[in-house]
Number of protein chains: 2
Amino acid sequence: MNRIYTVDTVGKVGEEVLLKGWVNARRDMGKIAFFDLRDREGIIQVVGVPAELDEKSLAAMRDARLEYLLEIRGVVQARGAKQVNPVMPTGTVELLAKEISIITASEPMPFAVDSDTKVISEELRLKYRYLDLRSERMLKNLVLRDKVISFMRDFLHQDGFIEVETPYITKGTPEGAREFLIPSRIYPGQFYALPQSPQQFKQLLMVGGIEKYFQIARCFRDEDQRGDRQPEFTQLDLEMSFVEREDILALTEKMMIDMVKKVTPGKRIQTVPFPRLSYKEVMDKYGTDKPDLREDKDDPNLLAFAWIIDFPFFEKTDEGGWTFSHNPFSRPNPEHMEWLMKKKNIGEILTTQYDIVLNGYEAGGGSIRNHEPEALHKVFEVMGFDEEGIQKQFGHMLEAFKFGAPPHGGIAPGIDRIIMILANEPNIREVIAFPKTGDARDLMMGAPSEIPQKAIDEVHIKLK
Amino acid sequence: MNRIYTVDTVGKVGEEVLLKGWVNARRDMGKIAFFDLRDREGIIQVVGVPAELDEKSLAAMRDARLEYLLEIRGVVQARGAKQVNPVMPTGTVELLAKEISIITASEPMPFAVDSDTKVISEELRLKYRYLDLRSERMLKNLVLRDKVISFMRDFLHQDGFIEVETPYITKGTPEGAREFLIPSRIYPGQFYALPQSPQQFKQLLMVGGIEKYFQIARCFRDEDQRGDRQPEFTQLDLEMSFVEREDILALTEKMMIDMVKKVTPGKRIQTVPFPRLSYKEVMDKYGTDKPDLREDKDDPNLLAFAWIIDFPFFEKTDEGGWTFSHNPFSRPNPEHMEWLMKKKNIGEILTTQYDIVLNGYEAGGGSIRNHEPEALHKVFEVMGFDEEGIQKQFGHMLEAFKFGAPPHGGIAPGIDRIIMILANEPNIREVIAFPKTGDARDLMMGAPSEIPQKAIDEVHIKLK
């Protein structure tokens, strides 16, 4: 007999079925035992009556504790009107067990998974993440995540985008964040870095004529994990050629609206089209560039998207020089290109950068890029690089743009944050299968860890 | 006027259209110029006649060299019967230019991209990969790659699989290959590693009740790049609970057959169902465990899939001990479980490992896993680990399996190799957007590279 999922018992009253699942709860009523049996698709109540079971099944029923994995053959029966559980998808039926066997036993659980694990210490949840994932909420979050990402892929494929994988082992770039380093074994004293984003690769794909690229891309930043950060996170990275700001905003806005409609139809978007606010406006009015614009902050189904535009391109460094505020590869607003070329009014140059904010979070950002090598060169000059430094760090980009580079731009919505908000979760760890702690440890695997001296020797480094 | 793609001109005879693209070829016939204009979707012949063009357009036409990016407004006209080019999708039409402007100029190209770049030195192609990707073959390969991966995702989603992202910054494991190491900044003397596969995570997802998992996963191995290897590669990683070997083989086989039918319908699978050969059989007969079973090796459209089964679990190490031949987490064949538990006849124990071979390449491998902690413990004992070593390296897995772990198994087809074969390419670099050289360098980005001393100091290491 083929095993079916618990939810598929509904409508099979009177039929014999085979279920496999975990003991989610257990109630003994004298000689009769009631189990809640849980599989990936749901839960069903199982009734074990001694008269229906042979010795072996009775022993299994007696031994089965929480999270034992059982195989149960039984007959689906309708519950009496009073026993119907209207909040349970299988609440109209129960399974009368005919044969019970233990597939795998379980040691006593470090915490219960039959209710929301949010109340459990997070350290414990992360150490036993594989048990935490058995809880309904965590499974639902993973399923939602898959649905959101699948929606984005389908949406972009239908619009002619090509998904392209870019390298995770690459060259360090001074794009802002601190990067994770990988010492090279073949080249003593040299290092690879994990990319903080596929920024340069996606721009080079535009030079390569791909025209419409996207990737569900992992990004890596070795930053102090203050607040809700992870050493690695996922973004929908996309880039298009022959576009202006309006094209990227329209595409992204349509994608978000369609996504909400399809994946979380219970949610309501407060304002469509999304409001657009300038950086100046939003700082004056809200004192932050990620304002929470919800009119009713207690409504868990309200989504307030907005665009923030017209950011300053440069900001002062502590040393009195200039650095980029968002992305050195951005193009200034058209009316300020002349200032950039003349390196004047630096602090007043606005960039084509756009951020999308959602309920007080930055949910993504992008810009139209600076595809003219002379203009990009000016940006690096403003940032204080000398010619040698520019060539060493950015020479390959400046060179690439000399071969008929198309105008291009893109955006990179943050997948973790968007799913966190759609799932009404307070942090991104709740929507990542195997997150790290706030201080970058994997408590389940035990990373980071000491490694054999031989491995350290092989990459030509010593510990300090 | 909205820009259209070159291929969309067919059927628009007499209409005025706007095209954007690169000069793929140029022929001057006295005062008349013929361009081949290329965009992502194809190529069209453009005719520039002085009488139709103003001064500015004439200047643009005169200046435009190979790979200049042009914007051309013009009228689609039918070619004369003798001028029709039957091999060109737009061969029935041409564009009579009315207005030509240069979007971006190009320096002289380091190599031509209007024909197959296979004849160009690979070093040069990799340095200017963004130009190489403009060639028809390379773009086709990227598009095929996206189609194959999309097919796999759709196929598995339809079968109830959930895609889950697993970490790329994780703990080193002695699973076989040498791993890339990442020194920790927060924990001096400790390291993360890039995963050689999501093996442990996917098994932990099974313990977590996901039941059907897959992921298009990046894998990292710091191995000498002999032959056709890359430091990072992509696999379709999948795992299922409550399955036996037959289930995984049937699923994989159906996926491959449907994929070929949908994505490369011109290909023919030599034998369905795929032949199954034991390791012993195949070694005796072919002297390799990846035999090329094609009956006609000159047929570029022939695909000969086969399964290789019944591999020995262990093999002798140079030091006279035992190590696993494929995967320590595999389950022995049922009839040899007793030998494993008694640690006898080690060399004769067969594993549930299965490899799928395709045209002489290993296209994937997997196994039913050893979900019983006592049995898995025996594997590590055979491999010579003492109790402390076992706990340190594998304690988390042994512990996880104590909480009602389901029987499970999976497979991991190699995406790069499969696409390489479907694309009739000689190596996987031809189907990876930004591959590294045989000696692990990225010639375009310049990786690996020296990095500032400050960055080295921050992760508490010194160069030797």
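A, B, ... follow the sequence lines: proteins, then strands. Residue 1 opens every chain.
Options A:His157, A:Lys20, A:Arg178 differ in how many heavy-atom pairs under 4.5 Å they form with chain B, and the most are formed by A:Arg178. In terms of heavy-atom pairs under 4.5 angstrom with chain B, the leader among A:Ile451, A:Val459, A:Leu142 is A:Ile451. When each of A:Pro435, A:Ala193, A:Ala455, A:Ala447 is scored by its heavy-atom pairs under 4.5 Å with chain B, the top score falls to A:Ala447. Between chain A and the residues B:Thr166, B:Leu139, B:Leu70, B:Val23, the most heavy-atom pairs under 4.5 angstrom are made by B:Thr166. Annotation: maximal heavy-atom pairing with chain B below 4.5 Å, among A:Asp442, A:Thr170, A:Ile216, A:Val143, occurs at A:Thr170. Among A:His371, A:Glu399, A:Glu372, the residue with the largest count of heavy-atom pairs under 4.5 Å with chain B is A:Glu399. Ranked by heavy-atom pairs under 4.5 Å with chain B, the first of A:Asp457, A:Leu133, A:Ile432, A:Ile162 is A:Ile162.
B:Ala105 touches chain A through its backbone: at least one of N, CA, C or O sits under 4.5 Å from a heavy atom, while the side chain does not. The parts of B:Phe201 that come within reach of chain A are both its backbone and its side chain, each placing non-hydrogen atoms under 4.5 angstrom from that chain. Of the two parts of B:Arg218, only the side chain, counted from C-beta on, holds a non-hydrogen atom closer than 4.5 Å to a non-hydrogen atom of chain A. Of the atoms belonging to A:Tyr5, it is side-chain heavy atoms, and not backbone ones, that fall under 4.5 Å from chain B. Within the 4.5 angstrom heavy-atom criterion, atoms from both the backbone and the side chain of A:Met109 approach chain B. Both the backbone and the side chain of A:Ile210 come within contact range of chain B, judged by heavy atoms closer than 4.5 Å. For A:Pro108, the part lying under 4.5 angstrom from a heavy atom of chain B is the backbone only. Heavy atoms closer than 4.5 Å to chain A are found in the side chain of B:Leu194, but not in its backbone. In this structure, the portion of A:Gln215 lying under 4.5 Å from any heavy atom of chain B is its side chain and not its backbone. Of the atoms belonging to B:Leu131, it is side-chain heavy atoms, and not backbone ones, that fall under 4.5 Å from chain A. Only the side chain of B:Ser150 comes within contact range of chain A, with heavy atoms under 4.5 Å apart. Interface residue B:Ser184: only side-chain heavy atoms are found under 4.5 Å from chain A. Contacts between B:Tyr187 and chain A at a heavy-atom distance below 4.5 Å involve the side chain alone, from C-beta outward.
At distances below 3.5 Å, not a single donor-acceptor pair connects side-chain atoms of A:Thr104 with backbone N or O atoms of B:Pro406. Between the side chain of B:Lys436 and the backbone N or O of A:Ile169 there is at least one donor-acceptor pair closer than 3.5 Å. Between the B:Arg40 side chain and the A:Gly209 main chain, no donor and acceptor come within less than 3.5 Å of each other. For the pair A:Glu232 (side chain) and B:Pro167 (backbone), a donor-acceptor distance under 3.5 Å is absent. A:Arg134 places a side-chain N or O within donor-acceptor distance of the main-chain N or O of B:Val207, the cut-off being under 3.5 Å.
Shown here is B:Lys147, whose NZ atom has no more than 12 heavy atoms of other residues, nucleotides or ligands within 6.0 Å.
A salt bridge links B:Glu165 to A:Arg145: one of the charged nitrogens lies within less than 4.0 Å of a carboxylate oxygen. One finds a salt bridge joining B:Arg153 and A:Glu163 here, because a Lys/Arg side-chain nitrogen approaches an Asp/Glu carboxylate oxygen to under 4.0 Å.
To the nearest 0.5 Å, atom CG of residue B:Asp146 and atom CZ of residue A:Phe214 are 6.0 Å apart.
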Item to check | B:Leu463/A:Phe191 under side-chain contact (heavy atoms from CB on, under 4.5 Å): CA gap, chis, key distance, verdict | outcome: CA-CA 11 Å; B:Leu463 300 185; A:Phe191 290 79; 3.7 Å; yes
Item to check | Pair B:Leu66-A:Phe403, side-chain contact (heavy atoms from CB on, under 4.5 Å): steps then yes or no | outcome: CA-CA 9 Å; B:Leu66 278 186; A:Phe403 296 101; over 6 Å; no
Next on the checklist: One pair to check against side-chain contact (heavy atoms from CB on, under 4.5 Å): B:Leu204 and A:Met445. What are the steps and the verdict?
Outcome noted: CA-CA 10 Å; B:Leu204 292 170; A:Met445 301 296 285; 4.2 Å; yes
Checklist entry - Could you walk me through whether A:Arg185 and B:Asp224 pass the salt bridge (charged side-chain N to carboxylate O under 4.0 Å, His left out) check? => result CA-CA 10 Å; A:Arg185 179 176 54 83; B:Asp224 289 318; 3.1 Å; yes
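The shortest non-hydrogen separation linking A:Pro448 to B:Gln190 is O-OE1, 2.9 Å.
Using the six-membered ring where Trp is involved, B:Phe180 and A:Tyr192 have ring planes that are perpendicular, over 60° apart on the 30 and 60° scheme.
Within the structure, every pair that satisfies the salt bridge (charged side-chain N to carboxylate O under 4.0 Å, His left out) test and touches residues 203-215 of chain B, not counting sequence neighbours, is listed here: A:Arg3-B:Glu211, B:Asp159-B:Lys212.
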